[in-house]
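Nothing here was measured: the structure is a model prediction, and the numbers come from that model. One-based numbering along the sequence shown. First listed ligand is number 1; within each ligand, the first listed atom is number 1.
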Amino acid sequence: MDSFLIQGGTRLQGEVTISGSKNAVLPIMAATLLTADTCVIRRVPDLSDVRFMCDILKSLGAEVQFEDGTLTIRAALIRGHGDYELIRKMRGSICILGPLLARLRKAHVSLPGGCVIGTRPIDLHLKGIRALGAKLQIQNGYIRATARQLEGTMIFLGGRAGPTVLGTANVMMAATLAEGVTVIESAACEPEVTDLAHFLNSMGARITGIGSPTITITGVKELHGTQHEVIPDRIEAATFACAVAATGGEITIRGARPDHFHAVLDKLIEAGVKIDQRKSGMVVKPTSRLKAVDVTTLPYAGFPTDVQAQIMAFMCVVPGISVITERIFESRFMHVAELARLGADISIEGPSAIVKGGAPLSGAPVMASDLRASAALVIAGMTARGSTKVNRIYHLDRGYERMEEKLRRLGAQIERVEGE
Ligand code: UD1
């Protein structure tokens with residue numbers, strides 16, 4: 001398993017270009033199963049999760065080509081039975097359920113895996129798919145879904161922690177080919193869901209209320225091929241912004257959409273980071289007057305849970321006390337113990353982590369537990385004195401395209417150590 005070796009203490013300086021969004025492209029790839037025509041998707045990040053999804057689509061019978069950031073997918077003849085092991089490995093794979101069911105009226109999909117960030121139920125996905133008229137059975141680790149005809153209806157998709165991102169994606173995709181009108185209430189408003197809805201409309205779907213909590217889908221008989229460019233990855237952009245905030249320096253983030261992560265930018269500004277929108281991109285530079293801020297993760301447009309670990313790493317180096325509250329996933333604090341190995345002073349009280357920042361961090365071997373926790377450890381490692389080894393960075397490779405190269409170009413001393 002690869003690891004990163006980081007020599008801390010270097011300020012980040014220069015320009016970084018943001019890749020296409022992982023969380024947008026995965027459901028969009030699944031949506032290509034809704035048509036027998038060719039779909040071309042651009043600005044696709046080269047990530048292990050994307051490669052996994054390519055393999056899943058191939059295992060269903062689709063032809064998939066991935067070259068220079070462009071995916072060409074033709075799902076002319078497909079079967080409803082995916083590879084158990086492949087699907088189990090990746091949480092995002094659950095969103096093949098809706099399209100398979102809509103296209104074939106049957107789907108046989110294994111229960112998904114993914115990051116270890118708490119129990120991740122799929123009850124809302126199943127509730128929505130059932131409401132459309134499908135019969136569902138869970139047996140031997142598989143979901144078996146069948147439907148003679150999917151029928152539009154009103155579906156409330158709010159859960160204990162608010163809306164569900166992939167659940168909304170799944171039900172929205174299934175409803176595109178249903179008979180009649182489906183209304184999803186308490187739909188997720190994340191930009192990735194919006195991007196999927198635009199993709200579906202470009203295939204001939206009839207979706208309105210895009211980006212709002214009420215999405216209306218008028219079913220159509222069939223969908224056709226299309227071309228689409230994926231939105232930039234707001235979580236990657238936010239990660240680089242937190243990184244420079246923590247290390248010091250000044251970077252220009254190119255290609256990001258600031259309107260997609262206002263909550264993060266707002267917190268960084270409150271913490272004393274200067275953010276300027278210029279033609280060349282977003283210039284991010286911490287001032288000399290940094291202060292601790294409190295953060296609570298919420299559904300979009302609130303502060304994203306996927307940036308909670310990274311802002312915590314930043315708060316570790318800012319003098320003062322910061323309370324970071326996780327409202328989306330319970331036990332998404334796996335990075336806390338690892339940050340503590342670097343000398344961070346963090347205690348957990350219920351859903352909150354209390355960070356006493358400002359004490360200097362010192363390098364140590366640490367273990368990445370999930371995708372965003374890995375990013376937090378890289379940020380902390382870059383601020384620590386001495387060398388930090390981040391083990392198990394396959395988590396990071398799932399969601400960040402060439403992260404070490406991008407950081408090296410910004411002056412970080414980071415290298416990949418292969419296969420240890
Ligand atoms: C997606 C993102 C993930 C992000 C998360 C929240 C992808 C591939 N992953 O995950 O990076 O952290 O959104 O922004 O896009 N829930 C239920 N029942 C369900 C589904 C979810 O109770 O059927 C709960 C979850 O446990 C969690 C909350 O709803 O507490 C939000 O989860 P959800 O939005 O579904 O996350 P994902 O779509 O899996």
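Residues R234 and Y300 have side chains that never bring a donor and an acceptor to within less than 3.5 angstrom of each other. With hydrogens and angles left out, the side-chain atoms of H335 and Q308 include a donor and acceptor closer than 3.5 Å. Side-chain contact annotation: T239 with Q310, donor-acceptor N/O pair under 3.5 Å present. A donor-acceptor contact closer than 3.5 angstrom links the side chains of S19 and K406. Residues S3 and R392 bring no donor and acceptor atom of their side chains to less than 3.5 Å of each other.
Where the criterion is an N or O separation shorter than 3.5 Å, residue side chain and backbone included, L124 meets it with respect to ligand 1. Residue contacts with ligand 1: V165 is placed with a nitrogen or oxygen under 3.5 Å of a nitrogen or oxygen of the ligand (distance criterion only). At least one N/O-N/O distance between D123 and ligand 1 falls below 3.5 Å. Checked against a 3.5 angstrom limit, the closest N/O atoms of K22 and ligand 1 fall outside it. Of the N or O atoms in F329, none lie within a sub-3.5 Å distance of an N or O in ligand 1.
Of all atoms in ligand 1, listed by their number and element, those nearer than 4.0 Å to a heavy atom of R160 are 30 (O). Per-residue contacts place T305 under 4.0 angstrom from the following atoms of ligand 1 (heavy atoms of the residue considered): 6 (C), 12 (O), 14 (O). Within ligand 1, the atoms closer than 4.0 Å to a non-hydrogen atom of A161 are 28 (C), 30 (O), numbered from 1 in the order shown.
Using a 4.0 angstrom heavy-atom cutoff, R332 counts as in contact with ligand 1. Residue contacts with ligand 1 do not include G159, since none of its heavy atoms lies under 4.0 Å from the ligand. The shortest heavy-atom distance from R91 to ligand 1 is under 4.0 Å. Ligand 1 does not have A188 within reach: every non-hydrogen atom of the residue lies 4.0 Å or more from it.
For the pair T305 and R332, the minimum side-chain heavy-atom distance is below 4.5 Å. Side-chain contact between I393 and N391 is absent, with no heavy atoms from C-beta onward closer than 4.5 Å.
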* **CA sep, side-chain torsions, deciding dist, call: M312, I346, side chain to side chain contact (heavy atoms under 4.5 Å, CB included)** => CA-CA 9 Å; M312 190 184 294; I346 309 171; 3.9 Å; yes
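If you check each of G167, G399, P121, P27 against atom 20 (C) of ligand 1, the one with the closest non-hydrogen atom is P121. For atom 12 (O) of ligand 1, the nearest non-hydrogen atom from the set I235, D306, N23 belongs to D306.
Distance check, rounded to the nearest 0.5 Å: OG1 of T226 to CG of D37 gives 10.0 Å.
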